[in-house]
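Bear in mind that the values here come from a model prediction, so they are computed numbers and not experimental data.
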Amino acid sequence: MSDALYADAVRVLTEWTATSDEADLARKRTLDLLADGPQAMTRAHRAGHVTASALVVDDIGQVLLCLHGRLGMWMQLGGHCEAGDRTLAAAALREATEESGIAGLIVDPEPIDVDVHEVRCGAADGAPAEPSVHFDVRFLVRSPAGAVEQISAESADLGWFHADTLPSPLASGTARQIAPALARLP
């Protein structure tokens, strides 16, 4: 993992003013994890690792959620950081583009949320899933007007939802990021 990505994560989380008390606690926990050094950005860091997510929002305030194929829950797009990612925002944008199939997405470089949650994820080489913790930094990503999503191999479904009609089952922490995201829209 690049030193630039690690430095960006430390900078972003040090400077960010959290959008909720829960997000601030998660921000502090993530900074504590990052004290372990750049390896905290990788799956190899079994105590947990930083991930990047994107809440994709369209021009009328609908959010794009995926029905995660393995977990069977609706959530924002996102996942593990990769060696070519230079910033957390760039990792979130890459994940959103890969998982939605939408070209022309635009990421807001300031997080909307941070969430810490237990997961089972495999190593990059396809090893069996093991218990770990995701320290997930979440970003607002704007979709161009008229965008058409395409389901990726990681999702069972994709759908656009209004904040008052979210699908079920919804992953923990997903709803919490919607209000801060919508508050940034013009």
Side-chain angles (χ1 to χ4, degrees), residues 19-20 22-23 26 30 42-43 48-82 85 88-108 111-185:
T19 53
S20 70
E22 193 171 0
T30 306
T42 71
R43 294 179 213 199
H49 44 279
V50 176
T51 57
S53 290
L55 186 67
V56 178
V57 180
D58 70 8
D59 56 346
I60 61 168
Q62 295 182 111
V63 297
L64 180 65
L65 299 177
C66 72
L67 180 59
H68 195 282
R70 187 171 49 84
L71 301 177
M73 292 188 290
W74 289 92
M75 62 186 65
Q76 74 284 344
L77 307 174
H80 293 101
C81 297
E82 294 182 3
D85 296 328
L88 283 175
L93 179 61
R94 175 188 49 74
E95 286 284 341
T97 302
E98 289 173 1
E99 293 181 12
S100 72
I102 299 173
L105 295 171
I106 300 170
V107 66
D108 182 329
I112 54 172
D113 190 41
V114 178
D115 188 67
V116 178
H117 53 272
E118 293 182 7
V119 295
R120 293 188 69 80
C121 60
D125 63 5
E130 295 182 23
S132 188
V133 179
H134 280 181
F135 292 74
D136 194 34
V137 182
R138 296 160 170 191
F139 294 86
L140 165 64
V141 172
R142 292 183 175 102
S143 176
V148 177
E149 69 280 1
Q150 296 177 342
I151 298 172
S152 76
E154 294 181 38
S155 302
D157 200 2
L158 287 171
W160 291 98
F161 301 94
H162 291 281
D164 58 352
T165 58
L166 296 175
S168 182
L170 194 63
S172 168
T174 299
R176 185 178 75 222
Q177 64 192 302
I178 294 173
L182 296 180
R184 291 200 191 156
L185 298 180

Any side-chain heavy atom of [X] sitting closer than 4.5 Å to one from [Y]?
X	Y	result
Glu154	Cys66	no
Ser168	Trp74	no
Val141	Ile106	no
Leu140	Ile112	yes
Thr174	Val63	no
Ile102	Leu64	yes
Leu88	Phe139	yes

Quiz item: How far apart are the C-alpha atoms of His117 and His134, what are their side-chain angles, what is the distance that settles it, and do they pass the side chain to side chain contact (heavy atoms under 4.5 Å, CB included) test?
Solution: CA-CA 6 Å; His117 53 272; His134 280 181; 3.6 Å; yes
So, taking the atom named [atom1] in [X] and the one named [atom2] in [Y], what distance separates them when rounded to the nearest 0.5 Å?
X	Y	atom1	atom2	answer
Met75	Arg138	CE	CZ	9.0 Å
Gln177	Leu55	CD	CG	4.5 Å
Leu182	Gln62	CG	CD	10.5 Å

Quiz item: Quick one: salt bridge (charged side-chain N to carboxylate O under 4.0 Å, His left out) pairs with a partner in residues 160-185, sequence neighbours left out?
Solution: Glu22-Arg176, Asp108-Arg184, Glu110-Arg184, Asp113-Arg176, Asp115-Arg176
Practice problem: Just grab all the side-chain hydrogen bond (donor to acceptor under 3.5 Å, both in side chains) pairs involving residues 141-151, residues at least two apart or on different chains. | Solution: Glu149-Trp160
Shortest non-hydrogen contact from [X] toward [Y]:
X	Y	result
Ser132	Gly48	OG-CA, 3.8 Å
Glu99	Leu158	O-CD1, 3.7 Å
Leu105	Ser100	CD1-OG, 3.8 Å
His80	Arg94	O-NH2, 3.0 Å
Ser53	Asp136	OG-OD2, 2.6 Å
Cys81	Val50	SG-O, 3.8 Å

Quiz item: In this structure, are over 12 heavy atoms from other groups packed under 6.0 Å from Ile60 atom CD1?
Solution: yes
Quiz item: When you measure from the side chain of Thr165 to the backbone N and O of Phe161, does any donor-acceptor pair fall under 3.5 Å?
Solution: no
